[in-house]
Amino acid sequence: MLQGTASDVGKSVITTALCRIFKQDGFQPAPFKSQNMALNSYVTEDGKEIGRAQGAQAEACGIEATTDMNPILIKPVRDMHSQIVVHGVPFAQMSASDYRQHFLPEAKQTVMDALNRLRDTYDIILMEGAGSPAEINLKDRDIVNMNLAGWADAPVILISDIDRGGVFASIVGTLELLEPHEAARVKGFIINKFRGDLSLLQPGLDWLEERTGIPVLGVLPYIRDIQIEAEDSVVLDSLRHGKREQSELDIAVIRYPRISNFTDFDALSREPDVNVRYVTSPEELGSPDVVILPGTKDTIGDLNFVRESGLEQAIAYQAERQHVQLVGICGGYQMLGEHLTDPYAVEADQAQEAVGLGRLPLSTTFLQHKHTVRASGYVHSNHPIRLYKGKLDGGLSVPVNGYEIHMGVTECREPEQVTALFEISHAGGQTFLEGWGTADGKVWGTYLHGLFESDQFRRSWLNGLREAKGLAPLEETYSAQARKDMEFDRVAASLRSSLDMKRVYEIMGMKQPDQVD
């Protein structure tokens, strides 16, 4: 089990890298996180919803993700209230106190049944904790850190982030706050995100091992620009102003309070000519080539944020510029419509209605059943999206793939005013039209998350933007899937070179592959 001295110390990335290492070493590993709080989710092959990190970790293992890998997912809806997803299906909407008092006491069986099924199927289970195991106010009903380690009888490796400072205090302080039987489970430390001369750190490492009697398994270097999908929106703080201010294409993504599935835009940010920025105010919006309204767990609440922050007027002003496009994904797509209604109080304490941004003739109703499914298909033959025509002459179809996660049903009130975007199907079922856009291609929206990982579509769309600005098109730059595999291998190689894998195997009661008789 991998636990951390705090949130965002690198547990998910290190777990992902170890998944890859064990796969490379000839084992069949699988990830497990009993309880995950995240608005970035992943749709399994059977149409269920789990945390994005466990989906990525399963990919690093080379296996299909299942809900056993994340049986409980908490999706915050608003302050102090969350949607509780159990085995990929919404179970209830609860306050934090209700969850703690009424749900957690019954959760152990759900968690352990899922873990035991994984243990029966795979060679190595990599269990990831959450936050810190030393949260005194939460420990008595913990199902994701030390209690779980005890139920599973799992050794623990404790991870701490040296880049934020106070690493030795964080590690020793965590151990001091654990019960003796909990501290006894900690078999090694990993110090993450180190920059500088390791020899200058060595006296501290020697002191730590002498003080605790627990070995430091490795000091991992600070890896820049990790391109493994994140699940926590805290990472957006570092992407607020983008990475390439002088890039030829500037894409502004509205970062509202309940933004979800922002990994939709990772593929765009990796393009050499694109700068992706996350903005929260009219001042930050600037003069982009594209404004994207992303997914959200609270569509009406975040629509109110767009209005109250002044972004609605700023977006409207930018959308009038000749080559600028306004794009909505999932919740953002719903916002682009004329009317939204929540008759069953899916997103709030009571039924509510809202007037949309009025950019597309759409009406959305939120229902009690969540729609989660993988989807694939092609760009519609009469689509309005401004795709570059260079490679598309002769009727070549452009494939698209993605997934849907939404509780809203969207209807087009005046289909003669807009044009459908895609012809898609769910799991090989009947083909239907999805998404709508204006005839001039300046406004369009879709329920398809992951759309921009479709390589040909992504590059054709970006080249259409370049063409509108008088720029020459670029050839296809990379494969999203190949880049993902390369990134798993890159981070795994960095971890392997800095971590004492012999000791890691010993902690698990196993031999390294080259030592197996």
Side-chain angles (χ1 to χ4, degrees), residues 1-4 10-34 54 56-64 66 68-69 112 114-129 133 145-146 148-160 171 175 181-192 194 198 202 205-206 208-210 212-221 223 228 485 488-517:
M1 187 171 198
L2 297 156
Q3 297 184 18
K11 294 187 295 293
S12 292
V13 170
I14 291 172
T15 301
T16 305
L18 283 171
C19 282
R20 194 60 156 200
I21 287 173
F22 292 136
K23 178 180 184 295
Q24 292 169 341
D25 286 355
F27 297 102
Q28 185 55 83
F32 179 76
K33 189 166 186 175
S34 58
Q54 284 64 61
Q57 289 159 2
E59 291 177 355
C61 292
I63 58 178
E64 278 288 344
T66 71
D68 280 341
M69 298 171 188
M112 290 307 298
L115 177 59
N116 288 331
R117 282 191 292 269
L118 293 178
R119 285 173 136 174
D120 289 341
T121 306
Y122 299 100
D123 301 327
I124 298 171
I125 308 302
L126 285 142
M127 298 164 56
E128 181 185 339
N145 285 311
M146 279 300 177
L148 177 59
W151 299 338
D153 193 21
V156 173
I157 296 175
L158 187 65
I159 302 165
S160 193
I171 292 173
L175 289 178
H181 69 276
E182 295 172 334
R185 288 204 171 274
V186 179
K187 303 302 182 183
F189 304 128
I190 294 176
I191 294 177
N192 195 23
F194 178 70
L198 187 56
Q202 192 60 50
L205 304 180
D206 294 339
L208 181 62
E209 291 190 340
E210 183 178 354
T212 64
I214 299 171
V216 176
L217 302 175
V219 178
L220 309 185
I223 306 175
I228 292 174
D485 279 329
F488 290 149
D489 289 339
R490 179 177 80 101
V491 177
S494 177
L495 197 75
R496 193 189 286 273
S497 68
S498 304
L499 196 60
D500 188 339
M501 286 304 302
K502 180 176 183 292
R503 272 185 159 175
V504 171
Y505 274 106
E506 288 173 352
I507 287 171
M508 295 191 299
M510 301 173 67
K511 293 181 180 181
Q512 279 185 290
D514 58 1
Q515 295 180 314
V516 175
D517 295 333

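As a basis for the values below, the full set of heavy atoms in this structure was taken, side chains included, without hydrogen atoms, waters or symmetry mates.
- Between the side chain of Gln28 and the main chain of Cys61, a donor-acceptor pair closer than 3.5 Å is present.
- Here the straight-line distance linking atom CD of Gln54 with atom OG of Ser12 works out to 6.5 Å at 0.5 Å rounding.
- Ring-plane geometry between Phe27 and Phe22 is classed as perpendicular, the angle between the planes exceeding 60 degrees on a 0 to 90 degree scale with a lower cut at 30.
- A distance of 4.0 Å separates NZ of Lys33 from CD of Glu128, quoted to the nearest 0.5 Å.
- Residue Lys23 holds its NZ atom at 12.0 Å from CD of Glu59, rounded to the nearest 0.5 Å.
- Applying the ring-ring contact (aromatic ring centres under 6.0 Å, His included) criterion to Phe189, with sequence neighbours excluded, gives no partner residue.
- The shortest heavy-atom contact between Leu115 and Ala152 is CD2-CB, 3.7 Å.
- Summarising the geometry, atom CG belonging to Leu118 is positioned 12.5 Å from atom CG belonging to Asp123; distances are rounded to the nearest 0.5 Å.
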side-chain contact (heavy atoms from CB on, under 4.5 Å) assessment of Tyr505 paired with Asp25: CA-CA 11 Å; Tyr505 274 106; Asp25 286 355; 2.6 Å; yes
side-chain contact (heavy atoms from CB on, under 4.5 Å) assessment of Met146 paired with Val186: CA-CA 10 Å; Met146 279 300 177; Val186 179; 3.8 Å; yes
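- For the residue pair Gln3 and Val156, the shortest heavy atom distance occurs at NE2-CG2, 3.7 Å.
- Side-chain contact check for Ile223 versus Arg490: some heavy-atom pair is nearer than 4.5 Å.
- Residues satisfying the salt bridge (Lys or Arg N to Asp or Glu O under 4.0 Å) criterion with Arg117, sequence neighbours excluded, are Asp68.
- Closest non-hydrogen pair, Gly4 versus Leu158, comes out as C-CD1, 3.9 Å.
- Partners of Asp489 according to the salt bridge (Lys or Arg N to Asp or Glu O under 4.0 Å) rule, which considers only residues two or more places apart in sequence or in another chain, are Arg20.
- For Asp500, there are no side chain to side chain donor-acceptor pair (under 3.5 Å) partners at least two apart in sequence or on another chain.
- The two residues Ser494 and Pro221 come nearest to each other via the heavy atoms OG-CG, 3.5 Å.
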Intermediate values then yes/no, side-chain contact (heavy atoms from CB on, under 4.5 Å), Leu499 and Ile14: CA-CA 11 Å; Leu499 196 60; Ile14 291 172; 5.8 Å; no
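- Partners of Arg185 by side chain to side chain donor-acceptor pair (under 3.5 Å), not counting sequence neighbours, listed by chain and number: Asp153.
- Scored by the salt bridge (Lys or Arg N to Asp or Glu O under 4.0 Å) test, Asp120 finds no partners at all (sequence neighbours excluded).
- Val219 and Ser498 make their closest contact through O-CB, 3.6 Å (heavy atoms, listed as atom of the first residue, atom of the second, distance).
- Judged as a salt bridge (Lys or Arg N to Asp or Glu O under 4.0 Å), and not counting sequence neighbours, Glu209 has no contacts.
- Applying the side-chain contact (heavy atoms from CB on, under 4.5 Å) test to Ser497 and every residue at least two apart in sequence or in another chain returns nothing.
- In this structure, the separation between CD on Gln57 and CD1 on Ile63 is 10.0 Å, given to the nearest 0.5 Å.
- Take Thr15 and apply the side chain to side chain donor-acceptor pair (under 3.5 Å) test, not counting sequence neighbours, and it matches no residue.
- How far CD1 of Ile157 is from CZ of Arg503: 11.5 Å, rounded to the nearest 0.5 Å.
- Under the side chain to side chain donor-acceptor pair (under 3.5 Å) criterion, Tyr122 pairs with no residue, sequence neighbours left out.
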Verdict with reasoning, Ile214 to Ile171, per side-chain contact (heavy atoms from CB on, under 4.5 Å): CA-CA 11 Å; Ile214 299 171; Ile171 292 173; over 6 Å; no
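- Partner of Leu18 under the side chain to side chain contact (heavy atoms under 4.5 Å, CB included) criterion, out of Val13, Leu495, Val491: Leu495 alone.
- What you find for Leu148 and Ser34 is that their closest heavy atoms are CD2-OG, 3.6 Å.
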